[in-house]
There are 2 protein chains.
Amino acid sequence: MGSDRADRAATQESTTRARTRRAIIDAAVATLSADHTASLADVAEAAGVGRTTVHRYFPERSDLLAAIGTDVRERIEAATARARLGEGPAPAALDRLCLEFFELGDRLMLLDDVPQFWAWSGLEEDEAQAPSDRELLALVRRGQREGTLDPEVDDTWLHTVLWAMLYAAWEQTREYDTPKHTALSLCLRTLRKATAA
Amino acid sequence: MGSDRADRAATQESTTRARTRRAIIDAAVATLSADHTASLADVAEAAGVGRTTVHRYFPERSDLLAAIGTDVRERIEAATARARLGEGPAPAALDRLCLEFFELGDRLMLLDDVPQFWAWSGLEEDEAQAPSDRELLALVRRGQREGTLDPEVDDTWLHTVLWAMLYAAWEQTREYDTPKHTALSLCLRTLRKATAA
DNA sequence: ACTTTTCGGAACAGTCATGTTCCACTATGG
DNA sequence: CCATAGTGGAACATGACTGTTCCGAAAAGT
């Protein structure tokens, strides 16, 4: 009896549960990126579900935050993969990465702002060298070898600057109502100039 | 009777009270820049005073936040004045400003991160065009006229980027233990390249 | 149609930060 | 040395968010 249910339990949830889980996570991202101190009631309302339901899926607040963390990290990994950092000239690869990351929107801010998202699968914050991070650092070193990236720009510094510029681009849309595509092109242009050899 | 006390009440507080107030504000800056959700008890402990005393000076939490806001803004104005944005070539002036701002340390992060600091003297957040902001924008336009700053770089965008780079520099020291002077020189170099004509 | 899953709301207990009051203690200044 | 300003701590009220339980209603699947 219920062999399919057992299967689902082992592999994944029912489609309905998967949908509401997504709705909650998405709403949480939107709500928390606007206000990091938003309550679970706010998240529930934004998701269009009852507060009870939120607790059903994420017993504690930290569970929800952790879920957001993994969600965002997965998106980052996927975006990095799509950017194919190994192909073509380093500056062009950096452009592609920046573009892919930009598409992730507000999500990116959360990782910086809410340290709890790194309370992850037993990893020690800084120690958590995500694969995508390593890919980026490798790209920088490659570009420097090829002479297409500024050798003075430390690889960790470029990493920091990339994220800072993405942050800046989104801030620009929020603060000055700059259209998204304008903010993106400013961001790309600035990043290119800053990293050029 | 008590004419000197009346004077102090009209102009300023007693030196002891002024010292305590400063201690609380400074401790609050340090504490809150580390964790935006720190409680007033944490602030009191960091300041080395009782929680009661904090409430004596700042009846409500918002009063303390507002005080921090004005304090930081005053420092920003002073720093901007010291940078003498009107003198010399625009890029050099920008360098001076960046340097002065960098000296302000963690304080700068607070303004970005805690929106309540803008709950100010009746000004509507974005509308609050601080004098220092206007000076910076003027500098950018001057540099563009003189042909020393990239004409493609919108003045508001440069404003955003400057702050983002300062943020990045401090993040670099926190995240990678980069020495302050190294982070600063990376920041300056990147900013120069990004804004050059 | 019927059965199981999923959901929403109400009600409750627990925790924590806030803000207030009161009083005794200290140090500072005249 | 004495009056006053300034402080710290205890105790209390309050409100907000959290996390839990339970039950009836709605939706999904068959």
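Just so it is clear, the structure is predicted and the values come from calculations on it, not from any experiment. Numbers restart at 1 for each chain; the letters A, B, ... are given by sequence-line order, proteins then strands.
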Problem - Result of checking E77(A), E100(A), E135(A) against R82(A) for salt bridge (Lys or Arg N to Asp or Glu O under 4.0 Å) - result: E100(A)
Does [X] put a side-chain nitrogen or oxygen below 4.0 Å from OP1 or OP2 of [N]?
| X | N | value |
| --- | --- | --- |
| T53(A) | dT6(C) | no |
| Y57(B) | dT7(D) | yes |
| T20(B) | dT7(D) | yes |
| S14(A) | dT4(C) | no |

Fill in the blank from the handout: Nearest heavy-atom approach of F58(B) to I24(B) is CE1-CG2, 3.7 Å
Practice task
Locate the shortest heavy-atom distance separating A197(B) from G147(B); write the atom from each residue and the value.
Solution key: CB-O, 3.4 Å
Please state how far atom [atom1] in [X] lies from atom [atom2] in [N], giving the value in whole angstrom units.
| X | N | atom1 | atom2 | answer |
| --- | --- | --- | --- | --- |
| R21(B) | dG6(D) | CZ | P | 11 Å |
| R51(B) | dA13(D) | CZ | C1' | 12 Å |
| R61(B) | dC16(C) | CZ | P | 16 Å |
| E60(B) | dA17(C) | CD | P | 18 Å |

Drop me the distance from [X]'s [atom1] to [Y]'s [atom2], to the nearest 0.5 angstrom.
| X | Y | atom1 | atom2 | value |
| --- | --- | --- | --- | --- |
| T160(B) | M165(A) | OG1 | CE | 9.0 Å |
| R142(B) | L149(B) | CZ | CG | 8.5 Å |
| L158(B) | L162(B) | CG | CG | 6.5 Å |
| T20(B) | R56(B) | OG1 | CZ | 10.0 Å |
| E152(A) | L186(B) | CD | CG | 8.5 Å |
| D155(B) | L136(B) | CG | CG | 8.5 Å |

Completion exercise
Note: for H55(B) and R19(B) on DNA chain C, the residue whose nearest nucleotide lies more 5' is H55(B)
Practice task
Would you kindly compare T16(B) and S62(B) by the position of their nearest DNA chain C nucleotide and give the one closer to the 5′ end?
Solution key: S62(B)
Problem - Selection: residues 42-50 of chain B, any non-hydrogen atom under 4.0 Å of DNA chain D - result: G48(B), V49(B), G50(B)
Problem - Strand-adjacent residues in residues 33-40 of chain A, judged by heavy atoms under 4.0 Å from DNA chain D - result: S39(A), L40(A)
Exercise for the section: For F58(B), report the nucleic acid contact type (base, sugar-phosphate, nothing); a contact means any heavy atom under 4.0 Å. Expected result: nothing
Problem - Sugar-phosphate only, base, or nothing, as touched by R17(B) at under 4.0 Å among non-hydrogen atoms - result: sugar-phosphate
Which atoms of nucleotides 21-26 of chain C (N or O only) lie under 3.5 Å from a protein N or O atom, and what are those distances?
none

Problem - Contacts of W157(A) that satisfy ring pair (Phe, Tyr, Trp, His ring centres under 6.0 Å) - sequence neighbours left out - result: none
Exercise for the section: Report yes if the side chains of V153(B) and V140(B) come closer than 4.5 Å at any heavy-atom pair, otherwise no. Expected result: no
Exercise for the section: For the residue pair D35(B) and T31(B), establish whether any side-chain heavy-atom pair is separated by less than 4.5 Å. Expected result: no
Practice task
Find the bend of the helix from dA1(C)-dT30(D) to dG30(C)-dC1(D) as the angle between its two terminal axes (five pairs each), to the nearest 10°.
Solution key: 40°
Kindly list each side-chain donor-acceptor pair under 3.5 angstrom involving residues 47-54 of chain A, sequence neighbours excluded, with atom names and distances?
none

Exercise for the section: If the plane angle is over 60° it's perpendicular, under 30° parallel, otherwise tilted; pick one for Y176(A) and H159(B). Expected result: perpendicular
